[in-house]
Participant: 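First the structure, which I've put down as C-alpha cells, then a few questions once you've had a look.
All chains are named by letter (A, B, ...) in the order of the sequence lines, taking the proteins before the strands, and each is independently numbered beginning at 1.
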Amino acid sequence: MEKFQTLTSTCVPLPIENVDTDQIIPARFLKATTREGFGNNLFADWRYDKSGQPINNFVLNNPTYSGQVLVAGKNFGSGSSREHAAWALAGYGFKVVVSSFFADIFKGNALNNGVLPVVVSDVFLLELFAAIQVDPTTTITVNLEQQTICNNASGVVETFEINPYKKECLLHGLDDIDYLLSKKEAIEAWEKVH
Amino acid sequence: MTKRTLFDKIWDAHVVTAVPNGPTQLYIDRHYCHEVTSPQAFDGLRKRGLKVFRPEKTTLSPDHNIPTLLQDQPIKDLISKHQVDTLTRNANEFGLTMYGLGHSKNGIIHVIGPENGLTLPGMTIVCGDSHTSTHGAFGSIAFGIGTSEVEMVLASQCILQPRPKTMRITFNGKLKSGVTAKDLALYMISQLTTGGATGYFVEYAGEAIRALSMEERMTVCNLSIEMGARGGMIAPDETTFAYMKGREFVPKEEAWDKALAYWKTLPTDEGAMFDREITFDASAIEPMITYGTNPGMGISIHSSIPKLEEIDPAGRISFEKAMTYMGFTPGEKIEGKSIDYVFLGSCTNGRIEDFRAFTSFVKGKKKAEHVIAWLVPGSWAVEKQIRAEGLDKILEEAGFALRQPGCSACLAMNDDKVPAGKYAVSTSNRNFEGRQGPGARTLLAGPLVAAAAAITGKITDPRQ
Ligand code: SF4
C-alpha cells in the first residue's frame, strides 16, 4: 500500500446523499478476477449513457472539475460490501473522499486500499460545496498526522477522527495482513483453549 | 458479575488480541465465500506464498453470477464462467469445500449455511457479502467484509475489527395477520433511514420477534445492513434449537447436549446495557412497499409517497432524483400502480416459507398476463422442498414456473435483468438505481405483496 501523509488538491463535487456502492461500481462490472481496471467504470451508469457515450452533465465528465479529492453528500458508500467500490475510486485516482457520514464497510474497505475517508461536519461540507461552486479551483489540504482538513478558500480548518492503528498503517503504507501474520502464536494459543 | 449482552458474550469469547489503540483481532469460526468477492483475495495469498490457515472453516458456493436456467450446461457468458471457474480452481488449489453448480447443496451462501447446520449460535461468521448479517438470526455475530478482509481470514482465520456499539430494537405486540417479517423490516428501515444504525450491532427482541420462525428471523437480520448496521442478531431459543436439530453439520449426541447448554447461556442478561434502545409497536405495522431508490424509502401500501415539503431540505436533491428515476410524482398514491415484473427469491425471501406464502396467495388464481414473474428458490434444498410439498404444481396451475437457484435478479449479474423503465415488485433487499438492471425500477416488498402484484398486475394489498 502507498503511504499517505498530506495532500493538497482541487476537488470533484458530488452533492448527492446516500451514494451506494451499486452506483460507485455497478454489479455487472464485478466479474473481473483482478483488482485492476475498475477506475474506468467508476460511477459508470451516471457517467456513460446506454451507448457508452459520456453524459456531459455528470461531474466526472466536466473538465471544470478535477483533483484527487471526491466531496460527496451524507452517507457515502452505503449498501453492498463490494471492495470494488474502493478499487474503482483508487483506480480513478482519488486519494481522499470527504463527506459528513460514511457507511461502515465502505470506510474499512477504503482504508484498506489507501483511500482516506474524511468525516467533516455538515456545515464544513456545505461550505465546501459552495466554495467549489463559486470557484472550481478551490483546494483543500488534508494532513493525516495532524488529522486536519483545511478548506483553503475560507481557511476554515476542522479536525477529523481516524482510528490510531489505521492512521499508523496509512502513514507507513502497511496493511493488516502483515500484522495478523505476526500474531500466529496468539491465534494458535486461542484455538487451544476454545 | 457485569451484565452482558448477547453480542458482548460472543465478541468477548473471540478476542485473540487487542491492537494497542486500535481494532480487536477477532477469531472467526465460519467463513463463507462466493465467486465475486474472493478471486482477488486468493490472488493475494498466492502473491504472498500463503496457504489457507484453517481450510475446514471456509465453505464456498458460487451464487451471484450464475444463470437460473440450464445450469447443467456451460455458462454462456464467458466472463461469468471465468469467475465461477476461478472459484473452483481456488477451492481445489487451497483444499476448500465447495458446493459447486449442480451440487445438491449449491445455493445462495446465506441460504445454504443455515440449511446445512454450518451456522450455529455463538459463532463469529463472516463473508465477503453485506447480507452475511442473515446468520445473526441464530444468535451469532455475523457480518459482511471486504475482499482484503477475506484475504485476512483465509490467511489467519482472524480479522481486525473495531468493536461496534450495540443497539437493541424491541418489537412489542403481535404482527397483524397478512403482515410478514419483510414488512416489519421495511417498516423499521423506513423509520430509522438507511444510515440510522451505522456503527451499531443490533439485537432484535420483543414479543413479535420471539414469535417469528427461523426463516422470518433470517429475513429480519438479513436486512440489518440496509439501515447501515454492522449486523443484526436474535438470541437463540427453542425455535432456534428445533430448527437446527438433526441438520447435517450440527453437533450430534453428547456434543449437541454440551453445545445446547452453552447456547442457553448466550441470551442478553437482564439489566445489560445497550448504547441505544429503540422500541416499535409491531401491531401498528401494515404491508409495506418501497417507492424510491434506497430501502429506507418505504411506506405502508395504503399511504402516499411523501411530498417534497415533507423531505428534509438536505435530502431533496436525492429525493427528486429518486422520483425522476422511478417515474413517480411526490404525494401520489402507490396502490393500484401497474407493474411489469415480479421477483420472488434472494437471501432475503428465497426460503421455503416465502414460497409457501407466495403459493398460498396465488393458489387457484391466475397470474396477470402482462406480468413476467421470476420465482427463484434460494437453494437446491429449497427447490426440492417446494416439489416435495407440491407447491410447484399449484404455481404452475396459476401460471408460474420455477427457475434454478441463485442470486438472480437480486443483483442482476446474470441474464435476469429487468429492462430499463420497467417496474419490478421484488422480494430482494435493494432498490438502488440499476440494481436489477440498468434503468430498472424496483419496488421492494414481502412475498405476499409480491404474490398479490403478480396476480392483479398492480400494487395491491394482499389482504383484500
Ligand atoms: S441474493 Fe442478493 S443480497 Fe443475497 S447474497 Fe445474493 S446478491 Fe447478495
Side-chain angles (χ1 to χ4, degrees), chain A residues 15-23 26-28 30-35 44-46 50 73-75 78-87 100-106 108-110 112-113 122 126 163-169 175-177 179-181 183-184 186-187 189-191 194, chain B residues 13 16-17 19-23 25 27 36-37 39-40 43-44 48 50 53 64-65 77 79-80 82-83 86 128-130 144-149 151-152 155-160 162 164 194-195 198-199 225-226 228 230 294 314-315 317-318 321 411-413 420 430 432-435 438:
Chain A
I16 296 172
E17 295 190 348
N18 301 316
V19 173
D20 57 77
T21 53
D22 272 79
Q23 307 316 318
R28 61 185 186 284
L30 307 186
K31 299 186 186 195
T33 52
T34 65
R35 287 177 195 240
D45 288 342
W46 290 349
K50 268 192 223 109
K74 192 167 85 182
N75 198 22
S78 57
S80 152
S81 61
R82 59 189 68 162
E83 193 162 321
H84 313 67
W87 301 336
S100 55
F101 197 84
F102 289 95
D104 277 339
I105 303 183
F106 172 79
N109 286 339
N112 282 336
N113 289 280
D122 288 322
L126 278 178
N163 178 292
Y165 163 80
K166 281 288 170 198
K167 178 175 166 179
E168 281 305 299
C169 287
D175 72 20
D176 290 345
I177 296 187
Y179 178 85
L180 286 171
L181 291 175
K183 294 287 166 196
K184 275 274 156 75
I187 300 170
W190 186 94
E191 285 179 327
H194 286 86
Chain B
V16 178
T17 60
V19 183
N21 280 324
Q25 180 185 355
Y27 192 85
V36 176
T37 56
Q40 294 86 354
D43 258 359
R48 292 174 201 249
L50 296 171
F53 183 59
H64 280 62
N65 203 352
D77 176 341
I79 310 175
S80 300
H82 177 66
Q83 203 170 46
T86 303
D129 187 286
S130 53
I145 57 177
T147 301
S148 296
E149 292 166 314
E151 189 179 337
M152 289 176 213
S156 70
Q157 206 56 42
C158 290
I159 63 169
L160 295 173
T194 50
T198 301
I225 182 74
E226 305 309 335
R230 205 70 188 84
N294 74 54
I317 297 183
S318 312
K321 193 168 183 298
L411 91 167
M413 274 187 86
R430 287 182 174 146
F432 299 149
E433 284 183 30
R435 172 79 178 188

Participant: Does any non-hydrogen side-chain atom of B/E151 lie less than 4.5 Å from one of A/D175?
Facilitator: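 Not in contact.
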Participant: So which heavy atom on B/P39 is nearest to which on A/A32, and how close?
Facilitator: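 It is CG-O, 4.3 Å.
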Participant: Top residue by heavy-atom pair count (under 4.5 Å) with chain A, among B/G44, B/P162, B/P164, B/G199?
Facilitator: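 Heavy-atom pair counts peak at B/G199.
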Participant: Applying side-chain contact (heavy atoms from CB on, under 4.5 Å), run through B/S156 and A/K183 and close with a yes or a no.
Facilitator: CA-CA 9 Å; B/S156 70; A/K183 294 287 166 196; over 6 Å; no
Participant: Need one label for B/T86: side chain, backbone, both or neither, based on atoms under 4.5 Å from any heavy atom in chain A.
Facilitator: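 It is the side chain, since no backbone atom gets that close.
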Participant: What is the distance from atom CZ of A/R28 to atom OG of B/S80, rounded to the nearest 0.5 Å?
Facilitator: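 Rounded to the nearest 0.5 Å, the CZ-OG separation comes out at 13.0 Å.
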Participant: Among B/V36, B/L411, B/I317, single out the residue with the greatest number of heavy-atom pairs under 4.5 Å to chain A.
Facilitator: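 Max contact count across the listed options: B/V36.
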Participant: Need one label for A/F102: side chain, backbone, both or neither, based on atoms under 4.5 Å from any heavy atom in chain B.
Facilitator: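 Contact with chain B is through the backbone of A/F102 alone.
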Participant: Salt bridge or not between A/K31 and B/D77? Use side-chain N to carboxylate O under 4.0 Å.
Facilitator: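 Looking at A/K31 and B/D77, the cut-off is met.
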Participant: Got a second to check how far A/T33's OG1 is from B/D43's CG, nearest 0.5 Å?
Facilitator: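 Rounded to the nearest 0.5 Å, the OG1-CG separation comes out at 7.0 Å.
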Participant: Kindly compute the distance separating CG (A/D20) from CZ (B/R435), expressed to the nearest 0.5 Å.
Facilitator: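 Reported value, rounded in 0.5 Å steps: 8.5 Å.
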Participant: Is it the side chain or the backbone of B/Q25 that comes within 4.5 Å of chain A heavy atoms, both, or neither?
Facilitator: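 For B/Q25, side-chain heavy atoms alone lie under 4.5 Å from chain A.
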Participant: Examine whether an atom of A/K167 lies under 4.5 Å from a heavy atom of chain B, and if so say whether it belongs to the side chain, the backbone or both; otherwise answer neither.
Facilitator: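 For A/K167, there is no contact with chain B at all, as no heavy atom is under 4.5 Å.
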Participant: Can you name the side chain to side chain contact (heavy atoms under 4.5 Å, CB included) partners of A/F101, sequence neighbours left out?
Facilitator: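 A/F101: side chain to side chain contact (heavy atoms under 4.5 Å, CB included) contacts with A/K74, A/N75, B/T198.
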Participant: If you count heavy-atom pairs under 4.5 Å with chain B, which of A/V19, A/L126, A/I16, A/D176 comes out on top?
Facilitator: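 Among the listed options, the one with the most contacts to chain B is A/D176.
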Participant: Using a 4.5 angstrom heavy-atom cutoff, name the option from B/P23, B/G144, B/A420 with the most pairs to chain A.
Facilitator: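 Most pairs with chain A among the choices: B/P23.
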Participant: Looking only at heavy atoms and a cut-off of under 4.5 Å, which of B/G434, B/G228, B/A13 has the most pairs with chain A?
Facilitator: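 Looking at each option in turn, the highest pair count goes to B/A13.
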Participant: Could you go step by step and tell me if B/R230 and A/I105 meet the side-chain contact (heavy atoms from CB on, under 4.5 Å) rule?
Facilitator: CA-CA 8 Å; B/R230 205 70 188 84; A/I105 303 183; 3.4 Å; yes
Participant: If you count heavy-atom pairs within less than 4.5 Å of chain B, which of A/W190, A/Y179, A/F106, A/W87 leads?
Facilitator: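 Maximum pair count with chain B is reached by A/W190.
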Participant: Roughly how far, to the nearest 0.5 Å, is CG of A/L30 from CD1 of B/I79?
Facilitator: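 It is 12.0 Å, given to the nearest 0.5 Å.
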Participant: Rounded to the nearest 0.5 Å, how far does CG of A/L180 lie from CD of B/E149?
Facilitator: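 So the CD of B/E149 and the CG of A/L180 are separated by 10.0 Å.
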Participant: Can you tell me how far the CD atom of B/Q157 sits from the CD1 atom of A/I187, to the nearest 0.5 Å?
Facilitator: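 Rounded to the nearest 0.5 Å, the CD-CD1 separation comes out at 9.0 Å.
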Participant: Given that the side chain runs from C-beta out, which part of A/Q23 has a heavy atom under 4.5 Å from chain B: side chain, backbone, both or neither?
Facilitator: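 Contact with chain B is through the side chain of A/Q23 alone.
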Participant: So, B/S318 side chain and A/E17 main chain: donor-acceptor pair closer than 3.5 Å or not?
Facilitator: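 Yes, the answer is positive, given that a donor and an acceptor are paired below the 3.5 Å cut-off.
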Participant: Tell me, out of B/V19, B/I159, B/D129, who's got the most heavy-atom pairs with chain A below 4.5 Å.
Facilitator: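 With the most close heavy-atom pairs to chain A, the winner is B/V19.
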Participant: Does a side chain donor of either B/Y27 or A/E191 reach within less than 3.5 Å of an acceptor in the other side chain?
Facilitator: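 Their side chains do contain a donor-acceptor pair, which is all the 3.5 Å distance test asks for.
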Participant: Heavy-atom distance under 4.5 Å to chain B: side chain of A/L181, backbone, both or neither?
Facilitator: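 Contact with chain B is through the side chain of A/L181 alone.
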Participant: Contact part of A/N113 toward chain B, heavy-atom cut-off under 4.5 Å: side chain, backbone, both or neither?
Facilitator: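 Contact with chain B involves the side chain of A/N113 alone.
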Participant: Distance alone, cut at 3.5 Å: any donor-acceptor contact between the side chains of A/W46 and B/E433?
Facilitator: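 Side-chain D/A pair, A/W46 to B/E433: present.
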Participant: Non-hydrogen atoms of chain A under 4.5 Å away: do they reach the side chain of B/L50, the backbone, both or neither?
Facilitator: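 Just its side chain gets close to chain A.
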Participant: As an exercise: rank B/S148, B/A412, B/G22, B/G128 by heavy-atom pairs under 4.5 Å with chain A and give me the winner.
Facilitator: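 Sorted descending by pairs with chain A, the first entry is B/S148.
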Participant: Tell me, side chain or backbone of A/K166 under 4.5 Å from chain B's heavy atoms, or both, or neither?
Facilitator: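 Neither part; nothing is under 4.5 Å.
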Participant: Chain B: which of A/T21, A/D122, A/T34, A/N18 shares the most heavy-atom pairs with it under 4.5 Å?
Facilitator: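 Ranked by contacts with chain B, first place is A/T34.
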Participant: Between A/N109 and chain B, with a heavy-atom cut-off of 4.5 Å, which part of the residue counts as in contact: side chain, backbone, both or neither?
Facilitator: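 A/N109 touches chain B through side-chain heavy atoms alone.
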Participant: Contact part of A/A103 toward chain B, heavy-atom cut-off under 4.5 Å: side chain, backbone, both or neither?
Facilitator: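 Backbone of A/A103 only, per the 4.5 Å heavy-atom cut-off to chain B.
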Participant: Give the minimum heavy-atom separation between A/S81 and B/S130, together with the two atoms involved.
Facilitator: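 A/S81 and B/S130 have their closest heavy atoms at OG-N, 3.2 Å.
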